[in-house]
Amino acid sequence: MNWNRLQEKLSILADAAKYDVSCSSSGSKRKNNNKGLGDSSGMGICHTYTEDGRCVSLLKILLTNHCIYDCLYCVSRKSNDIQRAAFTVDEVVELTINFYRRNYIEGLFLSSGIFKNADFTMERLVKVAKKLRIEHKFNGYIHLKTIPGASDELMQEAGLWADRLSVNIELPTKEGLKLLAPDKKHEDFLKPMKTISQSIIQNKEEKKIIKSAPQFTPAGQSSQMIIGATNESDLDIVKTSTFLYKKYNLKRVYYSGYVPVLEDDKLPSVGTPVPIVRENRLYQTDWLFRFYEFDPSEIVNETYPNLDLEIDPKLSWALRHREQFPVDVNKADYHTILRIPGIGVKSAKKIVAARKFGPLDMAKLKKLGIATNRAKHFIVCHNHLVSLDMDSLQLRNLILQSGKSKYQQNFSNQLSLF
Ligand code: SF4
């Protein structure tokens, strides 16, 4: 193997893969019970974060950045004058095994441009995964990005070797896709999502009857959409992700802020990237409807089509619904407590458990590890009342000012604020 050439390919194809953010792993329970290499159970693949907060795995590569398509938002589009490269199946397998043995990575995230046609490309992606599993008994995490338009048979086979499959929806709206990638249609992405989702359900049923039946993509499927390349609102984005979660039972939808690298009249200008905080606000909203029992329309709707970038969506919702506050943490049910700004799932559970032993006051809440700096404006408890004199705007300013340093320090990791 020519290592210099391989290194060159690696730098091109790892760089080209950095725009794909859907690389976190979860939900896979693949055990190392054949004395092979690796074990993805529990831990999943290791990630790292780039300077701009993007999550990247250590071996996150494209099979090739050659592509027959010309999607305007993509650096790999055929009309873009860039250095091209393609790995062979064996090269990807070798790299994965080598990096794994050196403890650089715990898994593989493999995507690809489309060369020749969808089946030709998908077949190679499947071969990589199959070779790793069969010939090298590799039990590490494998995430394959599927190629829309590939045959159902190839999708089926991919699911047998990969922990997770994903199909990128690319852009949130049909109109956006028509504008920037007229060769593609939303249906091209929805069809493989449907196939994968049905196969997952079918596999679960099979496994109930035959325990030894092979697993089909045990970590489920995910998708990614590029935000800010077209002028869709946050409401448009959330509508699409809600649809995908409901219809295809997706594990995750990733929101990737468009990074303008190409000059084109239809695209935002180079040097005007989507603020990373918009991605964060979308992830927070996503969490609110997946884990906090909010209906998406409570957060974004026709009246409020865009998220407030200065404050998190739960606080924003609470300020619009002052009539629902203050909440008495000694009496309210779990679901109501979950809606208090600054109180997350763990904290809500702690409150419900702790109050069985006596009334809670602010000191006790703090002792439980509950962050009260924002919550205190929305709760009543033993010896603590809130002033109702301030209107929502005044309260918003007070929270922003009083927590400014803390709030801004946490700006980039606000998911944890819930
Ligand atoms: S098909 Fe994929 S790789 Fe090819 S130009 Fe479009 S987005 Fe890029």
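Quick note: residue numbers are just sequence positions, from 1. Both ligands and their constituent atoms are indexed starting at 1 by order of listing.
- Taking the six-membered ring where the residue is Trp, H321 and W317 present parallel rings, their angle staying beneath 30° rather than reaching 60°.
- Looking at R339 and E298, a side-chain N of the basic residue comes within less than 4.0 Å of a carboxylate O on the acidic one, giving a salt bridge.
- In this pair, H66 and F115 present their aromatic rings parallel. The plane angle is below 30°, not in the 30 to 60° band.
- When the options R278, R281, K239 are evaluated for a salt bridge (charged side-chain N to carboxylate O under 4.0 Å, His left out) with D234, the one that passes is R278.
- Atom CD of Q7 has 12 or fewer heavy atoms from other residues, nucleotides or ligands within 6.0 Å.
- Taking 2.8 Å as the limit, the number of protein N, O or S atoms around atom 6 (Fe) of ligand 1 is 1.
- In this structure T195 satisfies the side-chain hydrogen bond (donor to acceptor under 3.5 Å, both in side chains) test with no other residue, sequence neighbours excluded.
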